[in-house]
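Structure first, then comments.
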Amino acid sequence: MELALKIILVIASLGLIAAVLLQPGKSAGLSGAISGGAEHLFGKKKARGLELFLSRLTMGLAVVFFVLSLIVAYFVRGA
């Protein structure tokens, strides 16, 4: 059981890394440095299509990673 959870945790972590790396940059170039990311903060640009999918996938994988980390830590501490 513990080994299976660890394998799933590794797969979830690799998926999370891939999902984060696939996302496009929000502030590219000098314009992002000058504005300071204010467009993203105030929601002027909405995510659509692949960006929205990657954002939701990242959030889902982060939740799975966090929960699995807690479960694995519980099993390792209890053993």
Side-chain angles (χ1 to χ4, degrees):
M1 175 76 170
E2 182 181 335
L3 181 62
L5 286 173
K6 286 182 180 179
I7 291 172
I8 295 171
L9 181 63
V10 168
I11 292 170
S13 65
L14 291 175
L16 183 60
I17 290 169
V20 168
L21 289 177
L22 284 174
Q23 290 184 5
K26 298 292 180 189
S27 57
L30 186 59
S31 64
I34 294 173
S35 66
E39 293 88 14
H40 180 66
L41 180 63
F42 296 116
K44 290 184 180 178
K45 185 178 179 185
K46 301 276 184 185
R48 300 190 192 276
L50 185 61
E51 259 183 69
L52 180 62
F53 172 73
L54 285 174
S55 175
R56 289 182 179 170
L57 179 67
T58 303
M59 286 188 285
L61 285 172
V63 168
V64 168
F65 177 78
F66 184 72
V67 170
L68 280 175
S69 296
L70 291 176
I71 292 171
V72 169
Y74 176 76
F75 277 122
V76 169
R77 186 184 63 103

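- Neither M1 nor V10 shares a network with the other; the hydrophobic side chains, linked directly or stepwise wherever heavy atoms of I, L, V, M, F, W or Y lie under 4.5 Å apart, form separate groups for each.
- Judged purely by atom type and a 3.5 angstrom limit, T58 uses its side chain to pair as donor or acceptor with the backbone of L54.
- F66 is linked by a side-chain contact (heavy atoms from CB on, under 4.5 Å) to L70, counting only residues two or more places apart in sequence or in another chain.
- Summarising the geometry, atom CE belonging to M59 is positioned 12.0 Å from atom CG belonging to L16; distances are rounded to the nearest 0.5 Å.
- Rounding to the nearest 0.5 angstrom, the gap separating the CG atom in L3 from the CD1 atom in I8 is 10.0 Å.
- Judged as a side-chain contact (heavy atoms from CB on, under 4.5 Å), and not counting sequence neighbours, the contacts of V72 are L5, K6, L9, V76.
- Separation of atoms CG (L50) and CD (Q23) is listed at 9.5 Å; rounding is to 0.5 Å.
- V63 and I11 fall into different hydrophobic clusters, defined by Ile, Leu, Val, Met, Phe, Trp and Tyr side-chain heavy atoms under 4.5 Å apart, directly or through other members.
- Closest non-hydrogen pair, L61 versus A12, comes out as CD2-O, 4.4 Å.
- In terms of the side-chain contact (heavy atoms from CB on, under 4.5 Å) criterion, residue partners of L21 (sequence neighbours excluded) are, by chain and number, I17.
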